[in-house]
Each structure stands twice: as structure tokens, then as C-alpha cells.
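Everything on this sheet refers to the single structure shown next.
All chains are named by letter (A, B, ...) in the order of the sequence lines, taking the proteins before the strands, and each is independently numbered beginning at 1.
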Amino acid sequence: MFGGRPWWLPPRGGAAMIDPQTLRRDLQGVADRLRRRGFDLDIAGFERLEARRRSAQDETERLRHERRTSSKRIGAAKAAGEDIEPLVRAVGDLGDRLTVVAREFDAVREQLDEFVLAIPNPPHDTVPAGTDETDNVELRSWGEIMEFNFEPRDHVQLAAEYLDLESAAKVAGSRFSVLRGPLARLHRALTQFMIDVHTGEHGYEEVYVPYLVHRSALEGTGQLPKFEADLFAVDGERDRFLIPTAEVPVTNLMRDRILDADDLPLRFVAHTPCFRSEAGNYGKDTHGIFRQHQFEKVELVQIVRPEASWEALDELTAHAETILRRLELPYRAVVLCAGDLGFAAAKTIDLEVWLPGERRYREISSCSNFLDFQARRMLARFRNPDTGRPDFVHTINGSGLAVGRTLIALLENFQDGDGVIHIPDALRSYMGGVDRLAFQAT
RNA sequence: GGAGGGGUGGCUGAGCGGCCGAAAGCACUGGUCUUGAAAACCAGAGAAGGGCGACCUUCCCAGGGUUCGAAUCCCUGCCCCUCCGCCA
């Protein structure tokens, strides 16, 4: 009614993340769980806002009720042919008083929305304690780490002939890459292979989605409002951003919907470029194409009923692992500790592939269960047949896999010391049948 | 870019400044009937928020305005559809 709320924002009340009821009922409990991930919830601040909200809402609704009943009475009197004037006069400055308190109510609500939108998802109980990646816990590992009888090269050395970082820098700056010839084809082959496995064997529906999205979509999945610095905004008359992951457009397909329970679970796979400004990562991974402003990713998204989400996380993680196994790439799965969790995730399992060039495991996929955190923000619901009422769905996603990093892993793991890269069986049909690529390594 | 027409509940679709949270149909839930199901008939049922509760408030694309009172009237924005032009 008052205050400019941009059209692209979700309806008020949907703009929560933690269930506001839970927040009010068990503020201390929520604060305790959030502390595990290093988030300090301002309890006193919240209670102050809540107190203001309560009185403002109370007064607003009381005045509205009064206006409603008076107006009805006037209508009835008019219909009966009576004199309306005294009744109209009795209403007096009701409208003005209502305007004042309603403005206060709106202002408080806006502050509450802001407050609540900035609260991350509390970690699930099974998430290990810890503050950073050194506290993550390995769950399992797979594959033999290659022992070379020569000094393994890294991907930049191996692919030098077809990896043109100078040209990329010339046209776009640092952290961009140009791949040529067989390298570009290998990159494309990987993408096709991944999508085919997920659609053909894992039951995912392939979707093609926008690479530019509204602010509201990013709020829905949790990248905004807190992490605007990580995104590329597009200058122009409207608020649009390049997607940092396909998770954003794909998960938001369910925005503002009430799904049939029979339609769940939904499984989507999308191949998109991803754009990240990598602000705050200035000195990190500057070598090669490991960390880029633009990269390709095949993303898996599942929309499931609440009771099915933990099983779905394991399932989706296994789907991503399938790609690594088919490509014969050694990897391990680690569960992120509370302090290393992303803003919206309740639990995350990272897949880390072995990179001989660095002699260590590096992240190649990140699979998360968001519970109803994202669903609540974007109003994604299903009609619960048990109650007949709409309930929030749970959302899960993960990379299956990051294509550029898979390319790195392939080059580094399957080098033979003479500039020859062996192509794993699973990929050969996508490479026109060739089983090796010969590169002029430096 | 030019000209028109529209945005109403899970979906389709009526709607007079007060009797409209909103007809009707579909879908849904319960009941009758049936061995069971379907069909038919009867009944119920929108969403969000607040309150221990009786109950109250909000919501007809969004924002603003007129009015005692707005789904309905006015202004602005967004989106969709049709036609013309342009274009991959």
C-alpha cells in the first residue's frame, strides 16, 4: 500500500528464509545452530523489531477493521435512503490515522524482511563442526592416484598449443580463456557426455534456460542480497545479472507455484555458462583455467517432497560421481563443515578430483540440500495430499560436473609424458572415435 | 519501433463503486450408491499474516491516486497476446 516495492520482488511474507514462526518460537535455538557456521544472530535486534511489528500490526488492523465496518454501515444506510452525512462525519480523520500507522507497519516489515533475508540456513545436525575447509571430513575416495615415472605437467603446460590465454586476456581480460581445435572439442565432448548420462541413465530432463536473471531469482536461491559482489550485473535500465550457476534459473522455474504431489520429484539437468566476478579471490588460482570469470557447468537440480530430500542428496551426489567414474578420474567426497557451508545450504558434499599437476584434490562438484530455504524464498510449494494444504518443497542441486575443471583433470591424469593425452573409453564416441590426442607440450 | 487487446483463486473464466474473497466449469476432499472403481448425486474446500483462542487483517499483475468505501474509476510501471515493420 505504501513504500515502493519493485515489481520483481516476491510477495511480502514469502521473503523469509528461516520459518519466521520458528524464529519467534525458538530464537535462541536458531541462534545456537547458526553459531555453528559462524553466524552471529542479533537476538536483541530481532526482538526489538518484532515488538515494533506487533504493535504496528495490531494498530493497523484495528483501524482497518473500523474503517471496514463504518463503510459497510454507510453503504447500508445509503441503500435504505437514509441521510449519510452524520455517519460520514463520524468517520472523521480515520483515514489519515490509518495512513500513519500503516506506514510505520510497512517500514518495520521492510526492516524485518531485510533482517531475515540476511540470515543463512542453519547447518543440519549431521554437518561436522569446523570453521574452514581444513575441517571438512572425507567420506570416501575412489580410483587409483596415478603414479608417473616422469614429472607430471599441469594443464597449462600440456595444452599450451591449444590454450590461448593471451588472446583471451586481449579480448576480455584475465580469468578468461580461449580453447582451440581438439581442446575445444574435448571440452564440448565432455559437456555432451555428461548431459547424455544424466538424461539417459539418471532420469533428468534437459532444460535450456536464460543466462540473465532478475534480482528476485537470485534472492530466491540465496545469492542475493548478501553476495552481490560475486556477480556480474548488466548495466541498463533494469536489474539483471549474469548467472553464477544454472542453479539460479533452473531452481527458480518453480518460483511462485503450487505443484501437484504426483509431479515430484522433478529432476532437471542444464548446461550453461556461469559467470563469477571472483571478487575477493584476487590472488587465488591465477594459474591456468581453474578459476575463471566464465566457465561451463552441467548442473543437476532436484525438486522433491520434504521427506525425500536427504535421500535425494545422496542420489544426486552419486549421479555426479558416476561421471567421474566413467571418466576414470580419481576423486574423493568430503562433507563440508559448518563453517565452510554456503549461505543457503543446510549440508553440502563436495566432490574433489585428483589433479597431478597440483598433487592434490580440487573441487569439481558441490552437491547441497537446501531443505525449504530456497523454496520459502521463492514460494515453491506442492499440494500435500495428506493435509490438502500447500507445503514448501525441498531443493537439491549439484554440479555434474564443472566442465572446465573436468577438462583439466582429464589432461593431467591421462598424460603419458610425451604430450599424448589418452581419451577414456566413455568419451571416445564423442571424440569421433579417437583414443588419444597428441599435444605439443611445453 | 508503430497500432490495438488483455493480466481475477491450483487451472479455465464471469464480475454492477458498498449485498465480492469474488459466479460458473475443471481439478481436489468427504459422503451416498457400488464387490471395488468409474459415472451420477449431495456436501466441503482459495492463499498469506497475526492471535492461546472466539476471531481479526491482507490479497483480483505491481506501485501511486480519487472516495466514508476500489477487483471495479484515474495515473505510472511491468508482463502477455494479435497485427504491421525490422531482424538471427
Sidechain N-carboxylate O distance under 4.0 Å for A/D425, A/R428: yes

Touch class at under 4.0 angstrom, heavy-atom based, for A/R257 against every strand present: nothing

Between the protein and nucleotides 54-56 of chain B, list the N/O to N/O atom pairs that are separated by less than 3.5 angstrom.
residue, atom, partner, partner atom, Å
B/rC56, O3', A/H65, ND1, 2.9

For B/rA43, the Watson-Crick or wobble counterpart (both distances under 3.5 Å): B/rU29

Between the protein and nucleotides 44-47 of chain B, list every N/O to N/O distance that falls short of 3.5 Å.
residue, atom, partner, partner atom, Å
B/rA47, OP1, A/R383, NH1, 3.4
B/rA47, O3', A/R381, NH1, 3.3

Heavy-atom donor-acceptor pair, A/R377 side chain to A/L117 backbone, under 3.5 Å: yes

B/rU66 - base-pair partner by Watson-Crick or wobble geometry, distances under 3.5 Å: none

For atom CD1 of A/I74 and atom P of B/rG17, their distance in whole Å: 19 Å

Nearest-Å distance once atom P is located in both B/rA14 and B/rG7: 9 Å

Upstream residue (5' side of RNA chain B) when A/D58 and A/S71 are each assigned their closest nucleotide: A/S71

Any-strand Watson-Crick or G-U partner of B/rC20, both distances under 3.5 Å: none

Under 3.5 Å on both distances, the Watson-Crick or G-U partner of B/rU82: B/rA3

Gap between atoms CG and P, on A/L87 and B/rC68 respectively (whole Å): 13 Å

Span that lies between the P atom of B/rC81 and that of B/rU76, in whole angstrom: 23 Å

Aromatic ring proximity A/Y211/A/F232, centre distance under 6.0 Å: no

Integer-rounded Å distance: B/rU57 C1' and A/L94 CG: 14 Å

Atom pair distance, as rounded to whole Å: CG in A/L379 and P in B/rG49: 9 Å

Stacked cation flag A/R362 on A/F290, 6.0 angstrom / 45 deg: yes

Same-atom distance (C1') from B/rG46 to B/rC20, integer angstrom: 14 Å

P gap between B/rG64 and B/rU72, integer Å: 14 Å

Nearest-angstrom distance from the residue atom CG of A/D96 to P of B/rU67: 11 Å

Whole-Å distance separating the NZ atom of A/K72 from the P atom of B/rA70: 12 Å

Beyond-backbone contact of A/I289 with A/L165, side-chain heavy atoms, under 4.5 angstrom: yes

Parallel, tilted or perpendicular: rings of A/W310 and A/H124 (30°, 60°): tilted

Distance between P atoms of B/rC26 and B/rG13 (Å, rounded): 15 Å

Nucleotide nearest A/Q57 (side chain, heavy atoms from C-beta), chosen from B/rC19, B/rG49, B/rG69: B/rG49

C1' spacing across the pair B/rG15 / B/rA23, given as an integer number of angstrom: 8 Å

Rounded distance in Å - CG (A/D256) to P (B/rC59): 17 Å

Salt-bridge criterion met for A/E82 and A/R73 (N-O under 4.0 Å): no

Distance-only polar pair, side chains of A/E247 and A/T221, donor-acceptor under 3.5 Å: no

Closest listed nucleotide, where the reference is the side chain of A/R64 and the choices are B/rG51, B/rU57, B/rC19: B/rU57

Mutual orientation of the aromatic rings belonging to A/F343 and A/F373 [parallel < 30°, tilted 30-60°, perpendicular > 60°]: perpendicular

Between B/rG9 and B/rC28 - C1' atom distance, rounded Å: 13 Å

Pairs touching residues 63-102 of chain A that satisfy ring-ring contact (aromatic ring centres under 6.0 Å, His included), sequence neighbours left out: none

Separation between the C1' atoms of B/rU8 and B/rA3, rounded to whole Å: 27 Å

Closest-nucleotide ordering on RNA chain B, the 5'-leading residue of A/T69 and A/V88: A/T69

Atom-pair distance (CZ on A/F382; P on B/rC28), nearest Å: 17 Å

Touch class at under 4.0 angstrom, heavy-atom based, for A/R73 against every strand present: nothing

A/E278/A/K284 salt bridge by N-O under 4.0 Å criterion: no

